[in-house]
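Just the heavy atoms: all of them, side chains too, but no hydrogens, waters or symmetry mates, feed the values below. Since the structure is predicted, the reported quantities are computational estimates derived from the model, not experimental observations.
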Amino acid sequence: TAAYKGQPARSALLSIKRVLRLKRAHEAEHGGALAIRQAGELALLMRYDLVFTSSVVRWEQLPRAQLWVEAKCCDAQHNPARRIVRAVHEAWRKVAATCPAGVKSVLDYCQVSYFQAQGMRSSLEPPHPEADYNYFFGDWLLAAPMVTIDTFAQMSPGYMNYVAALREISIKMRWLHFLFALHIHDALRLTYGVQAAFDGIDLVRMQRGKSPSCEPNVSVAHLMPTHRRLMYRGMMSVCGAMRGTVICHGKHQQQIGGSAVCATSR
């Protein structure tokens with residue numbers, strides 16, 4: 001919105017507030033019975049410019065008393081001080097025969113520090129370790145009971161309080177990912193209700209010219225540190241079984257002997 005030009009997260013929260021206000025107006029026009037009936041129904045809070053690249057979730061089969069999010073992993077960080085380097089190198093050795101040239105990565109839990117580095121903010125003070133592993137949420141699509149989704153309207157008027165709370169755990173980037181995490185963990189206390197329900201979601205604009213990738217059925221999950229003392233139980237499900245999967249990125253793929261092989265070139 002023009003009111004918050006240059007502040008995309010704050011602008012998005014204002015848009016969410018306005019949409020939920022329209023929903024409440026619609027409910028008022030149809031009497032209180034509609035609001036009561038819909039309060040426990042599953043509702044989607046999502047961007048309008050999404051493309052679904054995998055099978056669509058059967059929404060009617062999802063339990064209602066959960067907060068469903070996108071299954072999301074990130075590339076493992078190459079930090080020499082962490083055991084993860086051993087996992088990365090072991091993965092690369094295993095896929096050397098099938099992906100000899102291209103870029104390879106290992107999927108891991110998403111960390112706030114990863115996005116600080118991606119956003120060229122590596123000079124920022126690192127977040128608290130617990131916050132680093134738990135305060136990133138995919139912000140493209142959430143599914144939850146209507147009564148839960150309604151609470152997101154409170155984030156816009158309380159925006160500066162959310163920013164101040166993030167600063168207390170050394171998260172200074174004002175991204176919707178981190179603001180949503182704060183709302184879910186601290187305002188709603190719904191951490192244990194978080195479950196990953198869908199993957200294969202992307203922005204329409206990011207699909208253009210995107211290089212293909214393939215998975216050569218190699219995992220190094222057994223080499224990854226568990227982080228059980230740091231991670232909230234609900235957040236461990238967001239990356240879930242995909243953690244440790246080796247991905248080969250390249251310009252084209254081949255099928256050899258029924259197996260996916262990345263024939264990559266720079």
Side-chain angles (χ1 to χ4, degrees), residues 1-25 43-53 67-75 77 109-144 148-188 190-191 194 198 201-211 235 238:
T1 61
Y4 297 127
K5 186 177 181 180
Q7 302 180 70
R10 194 169 192 179
S11 177
L13 290 176
L14 180 58
S15 297
I16 290 170
K17 176 187 174 183
R18 289 174 173 173
V19 167
L20 291 174
R21 185 170 60 195
L22 289 172
K23 180 190 75 71
R24 289 194 299 272
L44 298 181
L45 177 62
M46 62 180 288
R47 294 177 59 127
Y48 65 87
D49 56 346
L50 295 182
V51 57
F52 291 82
T53 59
L67 193 150
W68 300 98
V69 299
E70 175 191 2
K72 175 73 174 176
C73 298
C74 297
D75 291 346
Q77 297 190 68
Y109 298 125
C110 293
Q111 295 174 246
V112 174
S113 54
Y114 171 89
F115 291 95
Q116 284 188 170
Q118 293 291 309
M120 306 302 288
R121 304 289 185 87
S122 55
S123 60
L124 291 176
E125 177 187 356
H128 185 280
E130 185 177 312
D132 195 17
Y133 279 96
N134 295 292
Y135 278 73
F136 173 87
F137 262 93
D139 61 358
W140 294 350
L141 191 155
L142 298 174
T148 301
I149 295 297
D150 281 343
T151 68
F152 283 79
Q154 302 167 11
M155 296 185 68
S156 180
Y159 175 77
M160 293 310 301
N161 292 329
Y162 280 84
V163 170
L166 286 177
R167 291 179 69 88
E168 289 183 5
I169 51 177
S170 299
I171 300 178
K172 299 179 181 178
M173 298 174 69
R174 301 180 180 186
W175 286 12
L176 207 59
H177 302 284
F178 313 137
L179 293 163
F180 273 10
L182 188 72
H183 186 66
I184 291 164
H185 293 323
D186 298 277
L188 299 180
L190 290 179
T191 302
V194 173
F198 34 82
I201 298 173
D202 208 348
L203 300 181
V204 173
R205 60 181 172 83
M206 293 179 67
Q207 283 290 303
R208 299 171 184 171
K210 193 169 186 176
S211 297
M235 295 304 294
V238 176

Exercise. Could you give the distance from CE (Met160) to CZ (Arg10), rounded to the nearest 0.5 Å?
Worked result: 6.0 Å
For this session: Mind checking ring-ring contact (aromatic ring centres under 6.0 Å, His included) for Tyr159 and listing every partner two or more places apart, or none if nothing turns up?
Result: none
Exercise. When rounded to the nearest 0.5 angstrom, what distance separates CG in Leu67 from OG1 in Thr148?
Worked result: 6.5 Å
For this session: Over all heavy atoms of both residues, which pair between Leu188 and Phe152 is shortest? Give the atoms and the distance, please.
Result: CD1-CE1, 4.5 Å
Problem set entry | Separation of Trp175 CH2 from Leu166 CG (nearest 0.5 Å) | 13.0 Å
Exercise. Are Val69 and Phe180 close enough, and set up right, to give a side-chain contact (heavy atoms from CB on, under 4.5 Å), and what steps lead you there?
Worked result: CA-CA 11 Å; Val69 299; Phe180 273 10; over 6 Å; no
For this session: Please tell me if the side chains of Pro127 and Ile169 come closer than 4.5 Å, counting only heavy atoms from C-beta onward.
Result: no
Exercise. Which heavy atom of Leu13 sits nearest a heavy atom of Met155, and at what distance?
Worked result: CD2-CB, 3.9 Å
Exercise. Do Cys110 and Cys74 have their SG atoms less than 2.5 Å apart?
Worked result: yes
Exercise. If you round to the nearest 0.5 Å, how far is OG of Ser170 from OH of Tyr135?
Worked result: 12.5 Å
Exercise. Which residue pairs pass the salt bridge (charged side-chain N to carboxylate O under 4.0 Å, His left out) test with at least one member in residues 149-169, sequence neighbours excluded?
Worked result: Lys23-Asp150
Problem set entry | Which residues share a side-chain contact (heavy atoms from CB on, under 4.5 Å) with Ala143, sequence neighbours left out | Leu42, Leu44, Trp59, Trp68
Problem set entry | Residues forming a side-chain hydrogen bond (donor to acceptor under 3.5 Å, both in side chains) with Ser113, sequence neighbours excluded | Gln77, Asp132
For this session: Quick one: closest heavy-atom pair of Ala12 and Leu176, and the distance?
Result: CB-CD2, 4.0 Å
Exercise. Taking the inter-plane angle between the rings of Phe137 and His185 on a 0 to 90° scale, is it parallel (under 30°), tilted (30 to 60°) or perpendicular (over 60°)?
Worked result: tilted
Exercise. CG/Asp139 to CE/Met46 distance, rounded to the nearest 0.5 angstrom?
Worked result: 12.5 Å
Seminar exercise, completed: Closest non-hydrogen atoms of Ala165 and Leu182, given as atom of the first, atom of the second and distance, are CB-CD2, 3.6 Å
Problem set entry | Sequence-distant partners of His183, side-chain hydrogen bond (donor to acceptor under 3.5 Å, both in side chains), two or more places apart | Thr151, Tyr162
For this session: Would you please classify the geometry between the His177 ring and the Phe115 ring as parallel, tilted or perpendicular, with 30° and 60° separating the classes?
Result: parallel
Exercise. So, Tyr109 versus Phe136, ring centres under 6.0 angstrom or not?
Worked result: no
For this session: Could you pull out the closest heavy-atom pair between Ile171 and Phe178, with the gap in Å?
Result: CG2-CD1, 3.7 Å
Seminar exercise, completed: Sorted by chain and number, sequence neighbours left out, side-chain hydrogen bond (donor to acceptor under 3.5 Å, both in side chains) with Gln154 holds for none
